[in-house]
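Since the structure comes first, as structure tokens, the remarks are kept for the end.
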There are 4 protein chains.
Amino acid sequence: MNTKSPTEPKFRRRAEARPDEVLDAALSLFTEKGYARTTVDQVAKRAGFSKGTVYLYFASKEAILEGLVQRTVEPIAEAAFETMTDYRGDPRPVLAQFLRAMAQALADSKTRAVVMIILQEAPAAPNISALFRKAVLGRALPAVTALLAQGVAGGHIRAIDPELTARSVLGPVIGHLLLSEIFRIRPEGGLQMDRLVENHLTLLFAGLEPDTGGAP
Amino acid sequence: MNTKSPTEPKFRRRAEARPDEVLDAALSLFTEKGYARTTVDQVAKRAGFSKGTVYLYFASKEAILEGLVQRTVEPIAEAAFETMTDYRGDPRPVLAQFLRAMAQALADSKTRAVVMIILQEAPAAPNISALFRKAVLGRALPAVTALLAQGVAGGHIRAIDPELTARSVLGPVIGHLLLSEIFRIRPEGGLQMDRLVENHLTLLFAGLEPDTGGAP
Amino acid sequence: MNTKSPTEPKFRRRAEARPDEVLDAALSLFTEKGYARTTVDQVAKRAGFSKGTVYLYFASKEAILEGLVQRTVEPIAEAAFETMTDYRGDPRPVLAQFLRAMAQALADSKTRAVVMIILQEAPAAPNISALFRKAVLGRALPAVTALLAQGVAGGHIRAIDPELTARSVLGPVIGHLLLSEIFRIRPEGGLQMDRLVENHLTLLFAGLEPDTGGAP
Amino acid sequence: MNTKSPTEPKFRRRAEARPDEVLDAALSLFTEKGYARTTVDQVAKRAGFSKGTVYLYFASKEAILEGLVQRTVEPIAEAAFETMTDYRGDPRPVLAQFLRAMAQALADSKTRAVVMIILQEAPAAPNISALFRKAVLGRALPAVTALLAQGVAGGHIRAIDPELTARSVLGPVIGHLLLSEIFRIRPEGGLQMDRLVENHLTLLFAGLEPDTGGAP
DNA sequence: CATGAATGAGCTTTCATTCAT
DNA sequence: GATGAATGAAAGCTCATTCAT
């Protein structure tokens with residue numbers, strides 16, 4: 001027999017979980033209605049406490065958004081960029097590893113939701129976009145570009161433009177995400193980000209194959 | 001007895017031009033500050049008349065947004081899908097034509113801006129995203145998918161998954177757009193959407209080349 | 001029969017009187033309950049329109065306070081300081097004129113109320129106190145001090161400290177005001193600021209009389 | 001079984017000191033930022049304990065203000081009015097004694113600060129001003145008035161209006177205080193309330209000298 | 001006793017929308 | 001048709017007060 005009251009206690013003390021509860025509630029609301037149309041009061045209610053409590057943990061509504069981004073972005077960034085530095089040789093195995101890491105990160109629906117919010121709010125919230133640019137894009141794009149450049153230089157891959165080709169590497173993943181999250185257009189059976197990545201890798205790897213000279 | 005001033009005003013905008021002027025003003029403001037942070041008054045001022053006049057032509061702020069999307073989306077859709085229906089043969093020339101048409105459409109900064117606004121406001125205004133889905137995506141994706149499927153069936157291209165490969169076809173363009181518009185990450189010298197497309201086509205076409213299993 | 005509705009029109013247009021109506025309402029409320037405990041909504045209601053209308057004419061609650069001070073302070077300042085510059089001779093007639101001007105200004109209950117509000121809000125609202133200091137005190141005190149100093153130098157009055165004596169000149173008026181407005185302590189029959197000034201002048205003039213040397 | 005820690009805490013403030021610590025903290029904050037802009041939390045923090053503890057000793061924020069006034073006002077009142085009752089003769093020595101006592105009381109910066117707070121909060125907290133009126137003004141003014149009246153009656157001083165002259169006696173001290181505390185206008189070298197009083201007494205005593213209409 | 005997490009009423013301010021002129 | 005003054009329902013945020021621990 002449980003000595004605990006059957007109803008939740010009105011006050012839970014010293015809850016270090018609070019900030020995360022706020023972020024979770026905010027995330028679901030921001031996803032549903034967008035940041036601008038979500039009120040702090042709604043966030044509080046969904047998290048299960050009152051407006052004032054939110055402000056105990058976050059200085060402003062915008063700070064909630066930043067907290068959300070920070071919580072999500074760092075892990076993504078960590079996971080993805082370790083293998084790429086100073087690699088020499090055929091870039092393809094590294095690209096495969098990188099894209100699969102992205103697919104895995106984006107398998108988490110919270111991560112996906114935060115990425116979408118970043119894309120949506122970045123133009124109006126400069127520090128959000130700066131944060132994401134610094135932690136993710138500013139590292140991923142140069143890394144892929146450099147990887148491709150040395151692959152071209154070493155004759156491992158076709159002589160494409162490395163900077164533009166970086167978009168061909170990453171773009172399909174982003175596009176797939178957008179179609180799914182914004183327009184609800186996704187393959188039967190769900191997102192299937194890993195299948196997307198594998199199909200994309202097949203195409204990409206064949207595309208990158210150095211020209212052996214003898215095509216009709 | 002003519003109570004009217006004998007001199008006609010030198011410039012009198014025709015009333016029919018009004019809605020477009022409102023939409024232009026709204027577009028530039030929505031791009032600068034986002035939909036939510038733009039006031040109807042600002043739109044009116046920038047368009048050169050007063051708040052009340054805006055409401056003469058648009059029933060609500062959201063109607064302006066819808067008008068904006070409608071005005072832009074229709075032409076895009078028209079331009080892009082004519083060649084693709086019931087085509088038989090190697091899909092690559094058609095894909096090239098299609099992607100170049102997209103590049104051209106997106107060369108117009110107004111078009112780009114509207115697309116970005118759709119991405120940003122989609123969760124808040126579902127009818128906006130529905131409009132875009134119906135007019136553009138719901139036609140482009142099936143068309144590309146069908147095109148690829150018959151190419152695979154006819155042995156013109158490698159045996160990839162047509163539905164997923166459609167993302168590999170379109171994704172890089174979307175990704176390039178996002179990087180440029182949201183994060184201001186773009187090649188030196190500007191967007192260069194056509195260079196992106198040409199580089200992408202090179203890669204894509206090589207990637208789609210059927211595996212001949214051993215060259216000539 | 002009057003075609004006009006017997007009830008006041010809901011919308012009175014282009015009312016240039018609005019700012020003054022707001023200031024009058026604000027003044028009475030600030031006097032009753034203090035600035036901090038008065039809400040903008042109360043000001044609006046008392047002025048006879050809605051909250052939003054107040055913000056059509058004043059950018060913020062604090063701007064109302066500043067408007068109030070500005071409206072009152074300038075006239076006071078103008079009225080009082082003309083005669084005092086570069087005067088040579090017995091200061092007493094000039095002091096009499098000056099104090100009577102003050103008494104007259106403070107005979108207006110709005111002026112009194114604003115002065116009280118300045119005294120009350122100045123410590124917390126630095127620009128208020130700066131405004132009053134610059135327009136009134138920064139001119140009145142040096143003027144009186146200089147007037148007394150030359151009176152002492154010319155042997156017209158007793159050898160007192162001019163700077164401190166300026167407080168003896170002005171203090172009774174201020175004190176009388178405070179007692180009346182804050183503590184409701186006033187002579188039977190009302191404020192009687194002019195009687196106060198006349199009594200004060202009698203005392204002050206006798207006090208300033210140069211010592212003729214022959215006292216017991 | 002002693003559950004208490006065996007080592008006594010080195011410094012344990014006696015609980016009786018708490019209210020005074022709260023009042024001191026409140027006084028400094030109210031002086032800095034005004035009553036309305038000071039939060040109970042700030043008071044608690046500055047006093048060195050937590051918000052809840054403040055409410056152990058004071059029922060409300062306003063009760064702190066009242067406590068502050070009460071603590072200060074009583075001693076002033078006691079100090080000042082002993083000599084004045086039923087005095088017969090030339091009022092001037094008594095006035096000197098009284099004003100010097102006031103100067104001494106106001107030499108204490110805490111006392112000055114409380115007086116200023118009373119002036120500022122009076123309209124919002126009528127019981128505050130009532131307290132001060134009852135304890136100080138309601139006694140001081142009649143006392144001074146009566147003293148002057150019997151001085152006039154006895155021919156010791158000029159035939160002025162006793163009630164209004166009471167303002168001439170006290171006003172300079174009040175004015176000096178206001179100039180210094182509200183507008184930071186004070187003589188070089190600080191407040192110098194005693195110099196102000198001495199200068200004022202010189203002037204006042206000469207002013208009160210009965211008109212002998214022709215020297216000895 | 002002491003704490004500080006939690007509350008929610010209430011504040012200032014904004015702005016989409018209306019409508020008399 | 002145009003205008004812009006007026007509205008008032010929110011929104012973000014603060015803070016006096018309470019009370020479980």
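Chain naming here is simple, since letters A, B, ... match the order of the sequence lines and numbering starts at 1 in each. All values reported here derive from a predicted model rather than from experimental measurement.
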How would DNA chain E look in dot-bracket form, 5' to 3', counting Watson-Crick and G-U wobble pairs with both distances under 3.5 Å and writing | for bases paired to another strand?
-> .||||||||||||||||||||
Partner set under side chain to side chain contact (heavy atoms under 4.5 Å, CB included) for Thr38(C), not counting sequence neighbours =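 In terms of side chain to side chain contact (heavy atoms under 4.5 Å, CB included), with neighbours along the sequence ignored, Thr38(C) is linked to Leu29(C), Phe30(C), Lys33(C), Gln42(C), Val43(C).
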Kindly indicate whether the side chain of Thr31(A), heavy atoms from C-beta on, has any atom under 4.5 Å from the side chain of Met116(A).
->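 No, their side chains stay 4.5 Å or more apart.
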Between [N] ([atom2]) and [X] ([atom1]): distance, integer Å:
X        : N       : atom1 : atom2 : result
Phe49(C) : dA20(E) : CZ    : C1'   : 18 Å
Gln42(A) : dA10(F) : CD    : C1'   : 11 Å
Leu65(D) : dA16(F) : CG    : P     : 13 Å
Glu62(B) : dA16(E) : CD    : C1'   : 12 Å
Lys33(A) : dA11(F) : NZ    : C1'   : 12 Å
Asp41(D) : dA16(F) : CG    : P     : 9 Å
Ile64(A) : dC13(F) : CD1   : C1'   : 11 Å
Leu56(A) : dT7(E)  : CG    : P     : 9 Å

Of Tyr35(A) and Arg37(D), whose nearest nucleotide on DNA chain F comes first from the 5' end?
->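 With Tyr35(A) and Arg37(D) compared, the 5'-side residue is Tyr35(A).
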Comparing Thr38(A) and Thr53(A) on DNA chain F - which has the more 5′ nearest nucleotide =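 The 5'-side residue here is Thr38(A).
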Out of [options], which nucleotide sits closest to the side chain of [X]?
X        : options                  : answer
Tyr57(B) : dT7(F), dC1(E), dG1(F)   : dG1(F)
Lys61(A) : dC13(F), dT7(E), dT17(E) : dC13(F)
Val40(D) : dA16(F), dC13(F), dT3(F) : dA16(F)

Let me know, please, whether Lys45(D) or Gly52(A) comes out on the 5' side of the other along DNA chain E by nearest nucleotide.
->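 Nearest nucleotide further toward 5': that of Lys45(D).
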Which comes earlier along DNA chain E counting from the 5' end, the contact point of Val54(A) or that of Ala59(B), where each point is its nearest nucleotide?
->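 Per heavy-atom nearest nucleotide, the more 5' residue is Val54(A).
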Do Arg18(B) and Thr53(B) have a side chain donor and acceptor closer than 3.5 Å?
->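 Looking only at side-chain atoms, Thr53(B) and Arg18(B) do not form any donor-acceptor pair under 3.5 Å.
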Looking at every strand, decide which applies to Lys51(D) at a 4.0 Å heavy-atom threshold: base, sugar-phosphate, or nothing.
->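 Result for Lys51(D) = base.
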Give one of base, sugar-phosphate or nothing for Thr39(D), where a contact means two heavy atoms less than 4.0 Å apart.
->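 Result for Thr39(D) = sugar-phosphate.
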Given side chain to side chain contact (heavy atoms under 4.5 Å, CB included), test Asp41(D) with Val54(D) step by step and report yes or no.
-> CA-CA 9 Å; Asp41(D) 204 45; Val54(D) 170; over 6 Å; no
Short side-chain N/O contact from Arg18(B) to OP1 or OP2 of dA2(F), under 4.0 Å |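 Checking Arg18(B) against dA2(F): at least one side-chain N or O falls below 4.0 Å of OP1 or OP2.
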Report yes if a side-chain nitrogen or oxygen of Tyr55(C) is closer than 4.0 Å to either non-bridging phosphate oxygen (OP1 or OP2) of dC15(E); otherwise report no.
->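 Checking Tyr55(C) against dC15(E): no side-chain N or O falls below 4.0 Å of OP1 or OP2.
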Hey, are Glu21(A) and Arg46(A) close enough for a salt bridge, meaning a charged N less than 4.0 Å from a carboxylate O?
->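 Looking at Glu21(A) and Arg46(A), the cut-off is not met.
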Charged N to carboxylate O below 4.0 Å: is that the case for Lys110(B) and Asp24(B)?
->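 The answer is yes: the pair qualifies as a salt bridge.
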Does NZ or CZ of Lys61(D) fall inside the cone over Tyr55(D)'s six-membered ring, less than 6.0 Å from its centre and within 45° of the axis?
->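 Output no; distance or angle outside limits.
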Option from Val114(C), Ile118(C), Ile128(C), Leu68(C) for which side-chain contact (heavy atoms from CB on, under 4.5 Å) with Val73(C) holds |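 Exactly one candidate clears the test, Ile118(C).
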